[in-house]
**Student:** 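The structure follows.
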Number of protein chains: 2
Amino acid sequence: MRSAPHDGPVSVLDRILAILDTVREAHGATTITRIALATGIPKSTVSRLVGDLVRQRYLMRAEDGVVIGLRLFELGVRASTPRRLGLAALPVLAELFNATGEHLNVAVQEGPDMLSVISVRGRLRPVPSRAGVRVPSITTALGKAVLAFTEDESALAGVMTGIDRYRRRPFERELAAIRMEWVAIDRCETFPGVVGVASPVLSPERVPVAAISVAGPVSDMDANRMMPLVRHAALALTHRLASQVA
Amino acid sequence: MRSAPHDGPVSVLDRILAILDTVREAHGATTITRIALATGIPKSTVSRLVGDLVRQRYLMRAEDGVVIGLRLFELGVRASTPRRLGLAALPVLAELFNATGEHLNVAVQEGPDMLSVISVRGRLRPVPSRAGVRVPSITTALGKAVLAFTEDESALAGVMTGIDRYRRRPFERELAAIRMEWVAIDRCETFPGVVGVASPVLSPERVPVAAISVAGPVSDMDANRMMPLVRHAALALTHRLASQVA
DNA sequence: GGCGGCTGGTCCATTCAGTGGAACGCGGTC
DNA sequence: GACCGCGTTCCACTGAATGGACCAGCCGCC
């Protein structure tokens, strides 16, 4: 029974998911009123649904509002892709960290972003990204490494719409160079003072399924020195994933 | 519109959560038919709800069925308790690992279980428990460490129902000893050949909010040697959490 | 090749789970 | 004391959700 016209979702499922996403995006606690505003769902409905989610431990009440609960933690650690990828990546990351001492990431494509599934802390402070955090595909080395090897034109076109018209050509030239060198660079495009170097991780069908990167301070990290190390790590991870499937 | 009487949940919210839990409990992929059997929800309803959850990336289709998707990974890493606890625990665990080289866990109470929120791999193979995994409170050192300092009679009574009548007294005596010594032991009660040593982590109100443990092979790990180390780690974590709140 | 069994998806007449404005209680501020 | 904002609860009403029936596809067996 939905009476007055509201802007938000109508189905119960969409409403629950919208509430969970709003709490996630809050980066800390949020209130019933704020969730209602953000989602367009009436306040009393939000109150009721949040009450149910708290009862089942999907959400939890804290001092200053509602936060993500333990049940979602239990579900999250069992997410298929991060689990498989993280497991395969552990020894590769250990070796890459020994060689570089810098901040490492393995990430997968998620819509217009790259989503980090596992990271290792290096020198950088504040940490630019860690597991569960999204970074834009078109500016990061991680994203460019995957885009360069993406053959699905519609997926490419979807990401390209975020690029200015006059920046299209240079971007396509950059992707072509990445395909030649097997390595992508982000020179302070995403995070000020941070340079990133990444290579793609491919499936047996030569489809990019992830990317692995090293990031460090631009004043101090030699991107050229990192390139062969990252390439090698990506290749190692590609092979580990292939034998995981078999 | 629910027509024929079914055993399963009736509300959309309960059904969605039942489906997610069934997929979590599958420890890999599961099928629409299996979810329907496990939840008591009609197959066509499961098919429809799973379709929606896949569209929103809460679930994902794999070769052999349905698995947990990336969205739940993104939500899970933002779960409030594991995040706070994990962050505070990192340096403490690093120090404890340096001193012991054994398998470490920090866990919180969740119903009748202890839920690991962060772990460090030591010598043990297979790994007895890791982040996101539940272990029974009444047999593990982690659980006993928390129960010994739990003053809420109803919470205690809820857990005690899992204990045989004639084992009640000895268990209560064990809890009393833990309160004297500030350390709990699990001598192969939970995992064969594995001994665990744990101490509680308290809130400023002296309420046990977590526990920290060391586990190793009974043939090789000296529980007595571990006791002061674990006590010290729990105290350090207790203090770190207290200053996190302030 | 035909058959049977199993799976997952789609349809739509039916119905009851879900609704949200209104009212309420509480706490904080002036 | 009045006002404001928050979160909760209620219940007459209704439209979102339903699930049995049917379908297509796949697999294994004779």
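Sequence lines set the chain letters: A, B, ... in the order given, protein chains first and strands last, and positions in each chain run from 1.
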**Student:** Can you check the Ile32(B) CD1 to dG19(D) P distance for me, whole Å?
**Tutor:** 15 Å
**Student:** How close or far is atom P of dG18(C) from atom CG of Asp14(A), stated in whole angstroms?
**Tutor:**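 Going from CG in Asp14(A) over to P in dG18(C) covers 14 Å.
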**Student:** Considering only dG18(C), dG19(D), dG20(C), which nucleotide approaches the side chain of Val12(A) most closely?
**Tutor:** dG18(C)
**Student:** Roughly how many Å is it from CD1 in Ile19(B) to P in dA17(D), rounded to a whole number?
**Tutor:**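 Distance check: Ile19(B) CD1 to dA17(D) P gives 13 Å.
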**Student:** What is the distance, rounded to the nearest whole Å, between atom CG of Leu53(A) and atom P of dT8(D)?
**Tutor:** 13 Å
**Student:** Can you check the Ile41(B) CD1 to dG9(C) C1' distance for me, whole Å?
**Tutor:**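 Going from CD1 in Ile41(B) over to C1' in dG9(C) covers 17 Å.
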**Student:** Take the protein atom CG of Leu49(A) and the nucleotide atom P of dT9(D), then report the distance between them rounded to whole Å.
**Tutor:**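 After rounding, the gap between these two atoms is 14 Å.
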**Student:** Nearest 0.5 Å, what's the OG1-CZ distance between Thr139(B) and Phe171(B)?
**Tutor:** 8.5 Å
**Student:** Would you say the base of dG7(D) and the side-chain of Lys43(A) have a donor-acceptor pair closer than 3.5 Å?
**Tutor:** yes
**Student:** For Ile16(B) and dA17(C), give me the distance from atom CD1 to atom P, rounded to whole Å.
**Tutor:** 15 Å
**Student:** Quickly work out the Ile35(A) CD1 to dT8(D) P distance and round it to whole Å.
**Tutor:** 10 Å
**Student:** State whether Arg206(A) and Glu151(A) are salt-bridged, where the test is any N-O pair (Lys NZ or Arg NE/NH1/NH2 against Asp/Glu carboxylate O) under 4.0 Å.
**Tutor:** no
**Student:** Say you draw a straight line from OG of Ser137(B) to CG of Leu142(B); how long is it, rounded to the nearest 0.5 Å?
**Tutor:**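 Ser137(B) atom OG to Leu142(B) atom CG measures 8.5 Å (nearest 0.5 Å).
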**Student:** Looking at the side chain of Ser47(B), which of dG9(C), dG19(D), dT18(D) is the nearest nucleotide?
**Tutor:** dG9(C)
**Student:** Looking at Ala234(B) and Pro200(B), what are the two nearest heavy atoms and their distance?
**Tutor:** CB-O, 3.4 Å
**Student:** Does Glu74(A) pair with Arg57(A) as a salt bridge, N-O distance under 4.0 Å?
**Tutor:** no
**Student:** Hey, does Thr33(B) reach any base, or is it just sugar-phosphate, or nothing, if we go heavy atoms under 4.0 Å?
**Tutor:**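 Since only primed, P, OP1 and OP2 atoms lie under 4.0 Å of Thr33(B), the category is sugar-phosphate.
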**Student:** From the options dG20(C), dG8(C), dT18(D), select the nucleotide whose nearest atom is closest to the side chain of Arg15(A).
**Tutor:** dG20(C)
**Student:** Are Thr45(A) and dT19(C) close enough that a side-chain N or O sits under 4.0 Å from OP1 or OP2?
**Tutor:** no
**Student:** Can you tell which of dG9(C), dT18(D), dT9(D) lies closest to the side chain of Arg48(B)?
**Tutor:** dT18(D)
**Student:** Under 4.0 angstrom, heavy atoms only, what part of the nucleic acid is Arg34(A) near: base, sugar-phosphate, or nothing?
**Tutor:** nothing
**Student:** For the base of dG9(C), is there a side-chain donor-acceptor partner from Ser44(B) under 3.5 Å away?
**Tutor:**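 Counting by modelled atom types and ignoring angles, no donor-acceptor contact under 3.5 Å is found here.
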